[in-house]
Amino acid sequence: MSSGAADLRQRKKQNCTESDKMAPEERNKENSKLGRVPKYMLIQRFAKLFFGCLAAVTSGMMYAVYLSTYHERKFWFSSRQELEREITFPGDSAIYYSFYKELLKAPSFERGVYELTHNNKTISLKTINAVQQMTLYPELIASVLYQASGSEEVIEPVYFYIGIVFGLQGIYVTALFVTSWVMSGTWLAGMLTVAWFIINRTDTTRIDYSIPSRENWALPYFACQVAALTGYLKKTLNCSAEKFCYLLVSASTYTFMMMWEYSHYLLFVQAVSLFLLDSFALAQTEKVHEVYKIYLFSLCVGYLLQFENSALLVSPLLSLVAALMLSKCLQMNMKKGTFMSRLLKIMYVYLVLMITVTLNFLLKMFVPHRENEHLLKFIEVKLGLNTTKNFTMNWLLCQESLQAPSQDFFLRLTQSSLLPFYILVLIICLFSVTQVIFRRICGEPLKETVKLEDGRIGERPEIVYHVIHTVLLGCLAMCLEGMKYLWTPYVCMLAAFGVCSPELWMTLFKWLRLKAVHPILLALILSMAVPTIIGFSLWKEFFPRIMTELSELQEFYDPDTVELMTWIKRQAPVAAVFAGSPQLMGVIKLCTGWMVSSLPLYNDDDLLKRNENIYQIYSKRSAEDIYKILTSYKANFLIIEDSICNEVGPVRGCRVKDLLDIANGHVVCEEDDSYADSKYGRFCHEIKMNYSPYVNYFTRVYWNRSYFVYKINTVISFQS
């Protein structure tokens, strides 16, 4: 394997420098050869490239139009007032759009950025750097584009904002199209990728539920990075194309890291895939290490531009890349043939893992950081290594996105024929890669170029990378359902590539040793016939559903929330502070601009503690305890949500009030039986009764079917 890696390094060096070192006579010969290429072949290549690019761009544009049309049909957006439009944003996403609005209202962009980085008008008794803590770079870019393009008189801010997000989703689809096209050599694979992506939209994207969420801004850039990386890893790539792919990988990696606070974890998974690819000597080592350098550059620049974000310094990505670079230096500086050099080659993987763990441990010791300890505790509890009564931990464990995927998820993928073909392609690729690794161990070098008749799809580094990448993401998706949005798009891409690739069919026929039919001819026929049949079956079954979905006028209207927001804007003092569930507080901040006591953010331990304390309004605590909690955050108004107070959840023990009772010790469980152990009734029920001592601390000022608003008394009256 080590000799193979040396061969790959040598080929890499020759690839882009041979034209410079070539003698003038040889260069003239090469130019004459290029000049003798028949014109019809050049026309054919140009036509293939042109129509492929046209199909890719058209697919992206059509998907963006589809999302816009579906959004309009679902929310009746064009016929709504501004307030009614804003309540369509869920609580955790509403806060992002609220800061976009604040930027547009600021007298200047510089002033708006300063107010966000020194924000003390959002959360009571707390000044935050909202740009750093909430990763508001998408909102900064959107506000600059909106004002610089002179769109104020042409389009409303909300349409401009969601239009950018839908446009990015179009780029996302285009990038997946190009990736499948580059791998298979036919843009038919790209069309099939897009079809599967749209049909399985419920499992490929969260755009339907949360438009401003960070992943909707970030994942399109990651898809572009993956597409460029796929081209960069190819063996048969000229220097100009290689440089273009390298620059695109660099730009998209950095942009992706700036758009999403958890991006470095996804890049860590990608780095592990490249590490395994390089460890088996299946890719050019220099190319892989150039990608590592891109990671280092992006981490360093991201650290500086994200207000010295220490989370990037203690990230596993930095530790892994540093360990890989250090291990490479140790190998290069060690004399070949010595006992130590041989030992390093054998222990390479172990050495990298040990250095990674050690570096990460040392960085966490010496670098001040605010790493989310609750994430580590969550992993412990999720893996069954620990138990806890903590409200936040149990609340996270109850979230659907953090559960194991349901059977419905696999059923949907099977009904669209995606999962069966993905498994088929994955098995063939894995067996082929295993064969290649065995040959490498036996000392057989990799072929410079893999031909169709060879039937060795496992020797193509870009294919091996995608196989490893989807397997790693698939393992994560099997543990956490929320990870399916990272895994399923690449399942669509890999499955479409496989059924459209003659090399994959040829690899299968090599194993089967077909003699009755010429295997190459059969592989070419199947690579066209199978995707065509799949496409027609998908068109027949799912196209009418999609058109029905677009033609139906759905109704989304929440009059109770509209009335509540209207009352706050008209009746509440400007300096008032509201307390309630974090999701509702996010909507209040967006729709009214009033200060709140908490927000639906889960990357700050102080805010998580606030959320838990304010959630006590749904627990079995005394009026005095709740009053002390709310006044400690300078809250003036309390909002009780009937949907939480009287929640009837599908899973008993996962309701907010159940989790609070467990955390407060108000529920004792013995032999599968539970009983209450509190001398107080549930606060959200008792306060509605309007009797002492609740009326002494709180005065009801507004209510409707869903919400009860209470003013927190500053002067306590103890009248019975």
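Bear in mind that the values here come from a model prediction, so they are computed numbers and not experimental data.
- A cation-pi geometry, defined here as NZ or CZ lying under 6.0 Å from the six-membered ring centre and within 45° of its normal, does not hold between Arg85 and Phe75.
- Counting only distance, with no hydrogens or angles, the side chain of Asn713 and the backbone of Asn696 share a donor-acceptor pair below 3.5 Å.
- With ring centers used as reference points, Trp567 lies 6.0 Å or more from Tyr707.
- A donor-acceptor pair under 3.5 Å links the side-chain atoms of Gln399 to the main chain of Trp395, judged by distance alone.
- Taking the six-membered ring for Trp and the full ring otherwise, Tyr96 and Phe99 have centroids separated by 6.0 Å or more.
- Checked for salt-bridge contact, Glu563 and Arg705 miss the test: no charged N lies under 4.0 Å from a carboxylate O.
- Counting only heavy atoms from C-beta outward, the side chains of Tyr680 and Glu686 never approach each other to under 4.5 Å.
- Although no hydrogens or angles enter the test, the distance criterion places a donor-acceptor pair under 3.5 Å between the side chain of Ser98 and the main chain of Ile95.
- The side-chain heavy atoms of His71 and Ile211, taken from C-beta on, include a pair separated by under 4.5 Å.
- Two rings, from Tyr146 and Tyr161, have their centers 6.0 Å or more apart.
- Separating the SG atom in Cys475 from the CG atom in Leu480 is a distance of 12.0 Å, to the nearest 0.5 Å.
- Of the inter-residue distances, the one linking Ile123 atom CD1 with Ser597 atom OG reads 9.0 Å to the nearest 0.5 angstrom.
- No side-chain heavy atom of Asp560 sits under 4.5 Å from any side-chain heavy atom of Leu564.
- Of the possible polar contacts, none joining the Lys121 side chain to the Met595 backbone as a donor-acceptor pair under 3.5 Å is found.
- Under the 6.0 Å cut-off for aromatic ring centres, Tyr265 and Phe268 do not qualify, their centroids lying 6.0 Å or more apart.
- Side-chain atoms of Val587 and Phe89, non-hydrogen and from C-beta on, never get closer than 4.5 Å to each other.
- Proximity of a side-chain donor or acceptor of Tyr100 to a complementary backbone N or O of Pro157 within less than 3.5 Å is detected.
- If you take CZ on Arg682 and CD1 on Ile687, they are separated by 14.5 Å, rounding to the nearest 0.5 Å.
- Of the charged side-chain nitrogens involved, at least one lies within less than 4.0 Å of a carboxylate oxygen, so that Arg214 and Glu139 count as a salt-bridged pair.
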Test Tyr172 against Ile207 for side chain to side chain contact (heavy atoms under 4.5 Å, CB included), laying out the working first. CA-CA 12 Å; Tyr172 192 1; Ile207 192 70; over 6 Å; no
Please assess Phe222 against Leu267 for the test side chain to side chain contact (heavy atoms under 4.5 Å, CB included), listing each intermediate value before the final yes or no. CA-CA 9 Å; Phe222 182 68; Leu267 291 175; 4.1 Å; yes
For Tyr694 and Phe683, what are the C-alpha separation, side-chain angles and deciding distance, and is it a ring pair (Phe, Tyr, Trp, His ring centres under 6.0 Å)? CA-CA 9 Å; Tyr694 296 92; Phe683 176 82; 5.8 Å; yes
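- Using a cut-off of 4.0 Å between Lys/Arg side-chain N and Asp/Glu carboxylate O, Asp604 and Arg610 are scored as not salt-bridged.
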Apply side chain to side chain contact (heavy atoms under 4.5 Å, CB included) to Gln132 and Thr117, showing your working. CA-CA 8 Å; Gln132 178 189 14; Thr117 54; over 6 Å; no
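- A pairwise comparison of heavy atoms in Ser213 and Ser93 identifies N-OG, 3.9 Å as the closest pair.
- Of all the heavy atoms in Ser315 and Leu299, the pair that sits closest is OG-CD2, 4.2 Å.
- Distance check: Met478 CE to Met483 CE gives 10.5 Å after rounding to the nearest 0.5 Å.
- More than 12 heavy atoms of other residues, nucleotides or ligands lie within 6.0 Å of CZ in Phe307, so this atom counts as buried by the packing criterion.
- Here the side chain of Gln306 pairs a donor or acceptor atom with the backbone of Met257 at under 3.5 angstrom.
- Judged by distance alone, with hydrogens and angles left aside, the side-chain atoms of Arg206 form no donor-acceptor pair with the main-chain N or O of Asn216 at under 3.5 Å.
- At least one side-chain heavy atom of Arg700 sits less than 4.5 Å from a side-chain heavy atom of Asn690.
- The two residues Asn613 and Tyr633 make their nearest non-hydrogen contact at ND2-OH, 2.9 Å.
- Side chain of Lys389 to main chain of Gly665: no donor-acceptor pair is present (N/O by atom type, distance under 3.5 Å, no hydrogens or angles).
- Side-chain atoms of Thr631 come within 3.5 Å of backbone atoms of Tyr627 as a donor-acceptor pair (strictly under, hydrogens ignored).
- Side-chain contact check for Ile639 versus Ile588: some heavy-atom pair is nearer than 4.5 Å.
- When atom types are taken as modelled, the side chain of Glu84 and the backbone of Val562 share no donor-acceptor pair closer than 3.5 angstrom.
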What's the verdict on side chain to side chain contact (heavy atoms under 4.5 Å, CB included) for Asn611 and Met585, showing C-alpha distance, side-chain angles and the deciding distance? CA-CA 11 Å; Asn611 294 345; Met585 294 302 100; over 6 Å; no
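- The two residues Tyr710 and Phe708 have their closest heavy-atom pair at CE1-CB, 3.6 Å.
- No side-chain N or O of Asp625 forms a donor-acceptor pair with one of Gln616 less than 3.5 Å apart.
- Between Ile626 and Tyr697, the closest side-chain pair of non-hydrogen atoms is not below 4.5 Å.
- Counting all heavy atoms, side chain and backbone alike, Phe578 lies closest to Ala572 at CZ-CB, 3.7 Å.
- Summarising the local packing, CZ of Phe361 is surrounded by 12 or fewer heavy atoms from other residues, nucleotides or ligands at distances under 6.0 Å.
- Considering only heavy atoms from C-beta on, Tyr70 comes within 4.5 Å of Asp208 through its side chain.
- Separation of atoms CE (Met393) and CG (Leu659) is listed at 12.0 Å; rounding is to 0.5 Å.
- Taken to the nearest 0.5 Å, the OG atom of Ser143 stands 14.0 Å off from the NZ atom of Lys105.
- When all heavy atoms are compared, the tightest approach of Lys484 to Arg412 is NZ-NH2, 3.7 Å.
- Between Tyr262 and Trp260, the ring-plane angle classifies as perpendicular under the 30° and 60° cut-offs.
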